[in-house]
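Report on the structure given below.
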Amino acid sequence: MTAATTKALLAEYYAAFNALDIERFLGLLTDDVVHDINQGGREIGRDAFRSFLARMDRSYSEQIVEISISVNDDGSRAAAEFIVLGTYKATDEGLPEATGQKYRLPAGAFFEIKGGKVARISNYYNLQDWLRQVGAA
């Protein structure tokens with residue numbers, strides 16, 4: 001991989017996410033992708049990621065905008081900074097009641113790339129900011 005091909009891969013990753021094209025999105029991941037969930041656990045594998053996306057889709061409607069992608073020289077690692085525009089549409093377990101609250105949340109992600117695919121994604125955002133925006137803090 002080169003820095004340019006990794007940047008293109010991640011642009012496609014976010015485009016597929018925003019288009020709700022789950023099969024295209026999952027096709028950009030390695031079979032054993034590692035997913036570090038913000039303030040949560042670690043899940044491994046494409047099937048686990050598919051289940052995560054299904055859980056998220058039940059409670060949230062999100063679009064990723066204002067994306068800035070940085071890549072190291074050999075394309076093996078990258079970071080993205082972006083804004084999540086979302087609607088909290090159904091109550092997620094352990095979180096406040098959803099009533100269709102809108103949110104605009106700065107976030108970031110770190111990536112490891114192997115064989116032209118995303119091998120690790122670690123997402124980060126400020127949970128207290130999100131709670132404040134949905135009226136819980």
Side-chain angles (χ1 to χ4, degrees):
M1 296 284 299
T2 67
T5 55
T6 293
K7 193 168 189 173
L9 170 68
L10 296 180
E12 170 116 4
Y13 174 95
Y14 286 112
F17 179 88
N18 283 340
L20 302 176
D21 189 340
I22 300 306
E23 294 311 313
R24 184 171 125 215
F25 179 88
L26 292 170
L28 301 171
L29 310 177
T30 61
D31 290 340
D32 61 348
V33 64
V34 173
H35 179 210
D36 293 321
I37 302 167
N38 187 72
Q39 298 188 27
R42 172 174 272 194
E43 296 181 345
I44 298 175
R46 192 180 291 142
D47 288 341
F49 211 121
R50 180 188 304 278
S51 296
F52 172 81
L53 291 173
R55 287 190 314 269
M56 291 295 292
D57 186 53
R58 281 191 293 276
S59 295
Y60 310 93
S61 176
E62 296 182 333
Q63 289 285 293
I64 307 300
V65 300
E66 299 179 33
I67 304 164
S68 176
I69 299 170
S70 301
V71 182
N72 70 349
D73 290 340
D74 69 6
S76 63
R77 296 195 184 277
E81 183 177 10
F82 48 87
I83 301 293
V84 179
L85 298 179
T87 302
Y88 187 32
K89 59 186 188 178
T91 303
D92 198 354
E93 184 178 342
L95 293 173
E97 182 177 346
T99 59
Q101 303 96 313
K102 304 279 187 202
Y103 52 93
R104 177 182 174 86
L105 190 63
F110 295 98
F111 297 88
E112 184 176 345
I113 309 300
K114 291 182 182 174
K117 295 191 173 195
V118 173
R120 178 184 57 85
I121 169 109
S122 301
N123 287 300
Y124 296 96
Y125 59 87
N126 184 325
L127 180 59
Q128 294 307 310
D129 184 19
W130 181 82
L131 289 169
R132 181 188 55 73
Q133 289 186 53
V134 299

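No hydrogens, no waters, no symmetry mates; every other heavy atom, side chains included, goes into these values. Being a predicted model, the structure only gives us computed values, none of them experimental.
Classification of Asp57 and Lys89 as a salt-bridged pair holds, one side-chain N sitting under 4.0 Å from a carboxylate O. Arg50 has no carboxylate O lying under 4.0 Å from a charged side-chain N of Glu43, or vice versa, which leaves the two without a salt bridge. Salt bridge present: Arg24 and Glu12 bring a charged side-chain N and a carboxylate O closer than 4.0 Å.
Under the 3.5 Å distance criterion, the side-chain polar atoms of Thr5 are left unmatched by any main-chain donor or acceptor of Met1. Put simply, the side chain of Thr30 never gets that close to the backbone of Lys117: no donor and acceptor are under 3.5 Å apart. Between the Tyr88 side chain and the Ser61 main chain, no donor and acceptor come within less than 3.5 Å of each other. Side chain of Asn38 to main chain of Tyr125: a donor-acceptor pair is present (N/O by atom type, distance under 3.5 Å, no hydrogens or angles). Thr91 places a side-chain N or O within donor-acceptor distance of the main-chain N or O of Ala98, the cut-off being under 3.5 Å.
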Go through Leu26 and Leu28 one step at a time and tell me if the side chain to side chain contact (heavy atoms under 4.5 Å, CB included) criterion holds.
-> CA-CA 5 Å; Leu26 292 170; Leu28 301 171; over 6 Å; no
Before giving the answer on salt bridge (Lys or Arg N to Asp or Glu O under 4.0 Å), spell out for Arg104 and Glu66 the whole-Å C-alpha distance, their side-chain angles and the decisive distance to 0.1 Å.
-> CA-CA 11 Å; Arg104 177 182 174 86; Glu66 299 179 33; 2.7 Å; yes
Decide side-chain hydrogen bond (donor to acceptor under 3.5 Å, both in side chains) for Ser51 and Asp47; before the verdict, give the C-alpha distance in whole Å, the side-chain angles of both, and the deciding distance to 0.1 Å.
-> CA-CA 6 Å; Ser51 296; Asp47 288 341; over 6 Å; no
Could you walk me through whether His35 and Ile44 pass the side chain to side chain contact (heavy atoms under 4.5 Å, CB included) test, one step at a time?
-> CA-CA 6 Å; His35 179 210; Ile44 298 175; over 6 Å; no
How far apart are the C-alpha atoms of Leu53 and Ile22, what are their side-chain angles, what is the distance that settles it, and do they pass the side chain to side chain contact (heavy atoms under 4.5 Å, CB included) test?
-> CA-CA 8 Å; Leu53 291 173; Ile22 300 306; 4.2 Å; yes
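Gly75 and Thr6 make their closest contact through O-OG1, 2.6 Å (heavy atoms, listed as atom of the first residue, atom of the second, distance). Of all heavy-atom pairs between Gln63 and Asn18, the closest is NE2-O, 2.8 Å. When all heavy atoms of Ile121 and Ala109 are compared, the closest pair comes out as CD1-CB, 3.8 Å. Minimum heavy-atom separation, Ala107 to Val84: CB-CG2, 4.0 Å. Among all heavy-atom pairs drawn from Asn72 and Ala3, the shortest one is O-CB, 3.5 Å. Taking every heavy atom of both residues into account, Ile69 and Ala11 meet most closely at CD1-N, 3.8 Å.
Rounding to the nearest 0.5 Å places CD1 of Ile37 at 9.0 Å from CE of Met56. Atom CD of Gln39 sits about 7.5 Å away from atom CG of Asn126, to the nearest 0.5 Å.
Side chains of Val118 and Ile113 form a contact here, defined as non-hydrogen atoms less than 4.5 Å apart. The shortest distance between side-chain heavy atoms of Val134 and Trp130 falls below 4.5 Å. Between Asp129 and Leu131 the shortest side-chain heavy-atom distance does not fall below 4.5 Å.
The aromatic rings of Tyr124 and Phe110 stand perpendicular to each other, their planes meeting at an angle above 60°, with 30° marking the opposite boundary.
With hydrogens and angles left out, the side-chain atoms of Glu62 and Tyr103 include a donor and acceptor closer than 3.5 Å.
In the displayed structure, Lys7 atom NZ is contacted under 6.0 Å by at most 12 heavy atoms of other residues, nucleotides or ligands.
Aromatic pair Tyr14/Phe82: ring centres closer than 6.0 Å.
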